[in-house]
There are 2 protein chains.
Amino acid sequence: MKKITLKDIARYFDVSISTVSKAVNDSHEISRDLKQRIQEYAKENHYKPNKLALNLLNRSTKTIGVIVPNILNYFFVQVLYGIEKIANENGYNIISCISDESFEKESKTLEFLDSGTVDGLIISLAEETQVKERIEGLQEISESQIPLVLFDRVSDLIACDKVIVDDFEAGYKTTKFFLNLGCKNVAFVSPIGKSSVGKLRLEGYKKARKKLKDDMMRNW
Amino acid sequence: MKKITLKDIARYFDVSISTVSKAVNDSHEISRDLKQRIQEYAKENHYKPNKLALNLLNRSTKTIGVIVPNILNYFFVQVLYGIEKIANENGYNIISCISDESFEKESKTLEFLDSGTVDGLIISLAEETQVKERIEGLQEISESQIPLVLFDRVSDLIACDKVIVDDFEAGYKTTKFFLNLGCKNVAFVSPIGKSSVGKLRLEGYKKARKKLKDDMMRNW
DNA sequence: ATGAAAGCGCTAACAC
DNA sequence: GTGTTAGCGCTTTCAT
């Protein structure tokens with residue numbers, strides 16, 4: 001069963017399309033009787049305004065695209081929740097996509113979301129993208145296209161607003177905590193050692209170890 | 001910086017819009033020279049065809065909407081992965097949405113995805129939707145609109161294709177397994193006791209206990 | 001080789 | 001109170 005349009009309704013009632021448009025939008029310009037009949041018919045036939053057409057007309061989709069690298073990660077799921085909550089509160093919908101830590105998938109998703117589909121983009125970079133520094137696509141977007149915000153996994157090469165965690169400090173403090181406890185062999189293990197986040201944590205870890213060593217030397 | 005359209009390019013080169021359209025689409029109809037200049041200019045200015053317009057024209061978006069109740073659940077994440085994989089392989093993108101087990105959120109999402117945004121819908125019902133049997137919206141969709149497939153959390157009241165797990169059997173077998181082990185007090189605990197899935201598992205559980213009891217009576 | 005025109009579904013300014 | 005027109009950005013006949 002094909003989808004019904006204003007045109008179909010207009011033909012049925014033998015009136016103009018704009019009349020139908022006004023009728024379904026409950027305009028005061030339309031006579032009470034005709035309006036009622038049209039609305040009834042529209043409802044019966046499950047008329048729904050085509051969003052594509054509306055979005056094209058308004059040059060706005062009221063949706064934000066979000067790309068996260070990995071959805072098996074609780075952190076990203078939480079972020080997704082948060083973004084969606086605030087977005088909804090402000091009349092926006094979100095489209096959440098997963099790059100799966102792959103540069104290719106990220107690019108394809110970007111391609112999909114870009115140009116028309118969304119009004120803005122919120123992205124946390126795939127590890128591969130960070131490692132290879134393949135940020136041409138993102139740069140292009142940040143330069144001229146839709147609003148872009150990077151979070152957590154960011155890149156200095158892309159000029160845009162960013163929301164980040166102080167991973168260096170986190171790595172430092174965590175390591176220091178264990179060292180202060182008297183632990184002798186504190187290992188650093190990370191599944192994302194090559195991402196910006198992993199690298200910063202590692203730096204923090206190293207600094208803490210170095211500091212301990214330096215302190216010991218001094219007190220020797 | 002506003003997004004550039006065919007119109008803008010046409011104005012710049014003082015040619016018609018259709019000429020530009022053909023040029024960017026690398027049509028043979030356009031002279032080699034002009035085509036090259038237009039393509040270059042288009043690239044420099046980050047021209048991207050507006051997908052909204054294209055989708056409207058093609059009356060197809062090549063995207064599928066997926067609604068899952070909960071993304072902190074590994075099962076749904078896996079399903080999401082699977083759907084996305086197959087969809088991508090077939091030239092489709094997916095928009096994944098979370099109903100958060102809430103009927104209201106599910107309805108809103110449905111509203112958002114319906115009419116134009118996606119070519120088809122894959123849904124696992126929110127618990128609240130199942131409990132309250134509020135399936136008017138879904139029914140309407142299954143009746144006349146876009147293709148709909150339900151999975152896991154389904155409803156008999158909606159006539160459409162469904163992909164399900166034999167939860168009754170699963171509950172039965174699991175319980176039986178423990179009973180056979182000699183366990184005396186096998187409890188049934190479920191966070192989704194009111195969903196179709198939870199109920200069926202409970203039925204299976206009950207059946208296994210009943211069977212044990214019956215068997216014992218017989219052998220007495 | 002290039003352009004004019006129609007149309008996708010819709011709204012809005014402006015007639016009548 | 002109802003219709004006409006233009007336009008959102010694009011493709012696609014069908015001229016020229």
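What you see below is based on every heavy atom in this structure, not just the backbone, and it leaves out hydrogens, waters and symmetry mates. Computed from a prediction, not measured in an experiment: that's the story for all the values here. Residue numbers start from 1 in every chain, and the chains themselves are labelled A, B, ... in the order their sequence lines are given, proteins ahead of strands.
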Taking protein heavy atoms under 4.0 Å as touching, what does nucleotides 8-13 of chain C look like 5' to 3' if B marks base contact, S marks sugar-phosphate-only contact and - marks none? BBBBBB
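End-to-end axis angle of the helix from C:dA1-D:dT16 to C:dC16-D:dG1, from C1' rotation axes over five pairs per end: 60° (rounded to 10 degrees).
The stretch residues 30-37 of chain A touches DNA chain D through A:Ile30, A:Ser31, A:Leu34, each having a heavy atom under 4.0 angstrom from the strand.
Taking atom CG of residue B:Asp26 and atom P of nucleotide D:dT11, one finds them 13 Å apart after rounding to whole Å. What separates NE2 of A:His28 from C1' of D:dT2 is a distance of 13 Å, to the nearest Å. Across the protein-nucleic acid pair, A:Arg11 atom CZ and D:dG3 atom C1' stand 17 Å apart, rounded to whole Å. Across the protein-nucleic acid pair, B:Asp8 atom CG and D:dG9 atom P stand 8 Å apart, rounded to whole Å.
Within the structure, side chain to side chain donor-acceptor pair (under 3.5 Å) contacts touching residues 149-165 of chain A (residues at least two apart or in different chains) are A:Glu101-A:Arg153. The stretch residues 99-134 of chain A participates, sequence neighbours left out, in no ring-ring contact (aromatic ring centres under 6.0 Å, His included) pair at all.
Side-chain contact, B:Thr19 with B:Ser16: a donor N or O sits under 3.5 Å from an acceptor N or O. A donor-acceptor pair shorter than 3.5 Å cannot be found between the side chains of A:Arg201 and A:Tyr205.
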Which is it for A:Lys22 and A:Glu29 under the salt bridge (Lys or Arg N to Asp or Glu O under 4.0 Å) test, yes or no, and what are the steps along the way? CA-CA 7 Å; A:Lys22 285 169 186 164; A:Glu29 292 183 36; 3.4 Å; yes
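Closest approach of A:Gly120 and A:Ile146 over heavy atoms only: CA-CB, 4.4 Å.
For the OP1/OP2 pair of C:dG3 and a distance below 4.0 Å, the side-chain nitrogens and oxygens of B:Ser16 include at least one atom meeting the criterion.
The number of heavy-atom neighbours closer than 6.0 Å to OH of A:Tyr12, taken from other residues, nucleotides and ligands shown, is 12 or below. Residue-environment remark: CD (A:Glu104) stays at or below the threshold of 12 foreign heavy atoms within 6.0 Å. No more than 12 heavy atoms of other residues, nucleotides or ligands sit less than 6.0 Å from atom CZ of B:Phe177.
Between A:Cys160 atom SG and A:Leu150 atom CG the span is 4.5 Å, to the nearest 0.5 Å.
Scored by the salt bridge (charged side-chain N to carboxylate O under 4.0 Å, His left out) test, A:Asp33 finds A:Arg37 as partners (sequence neighbours excluded).
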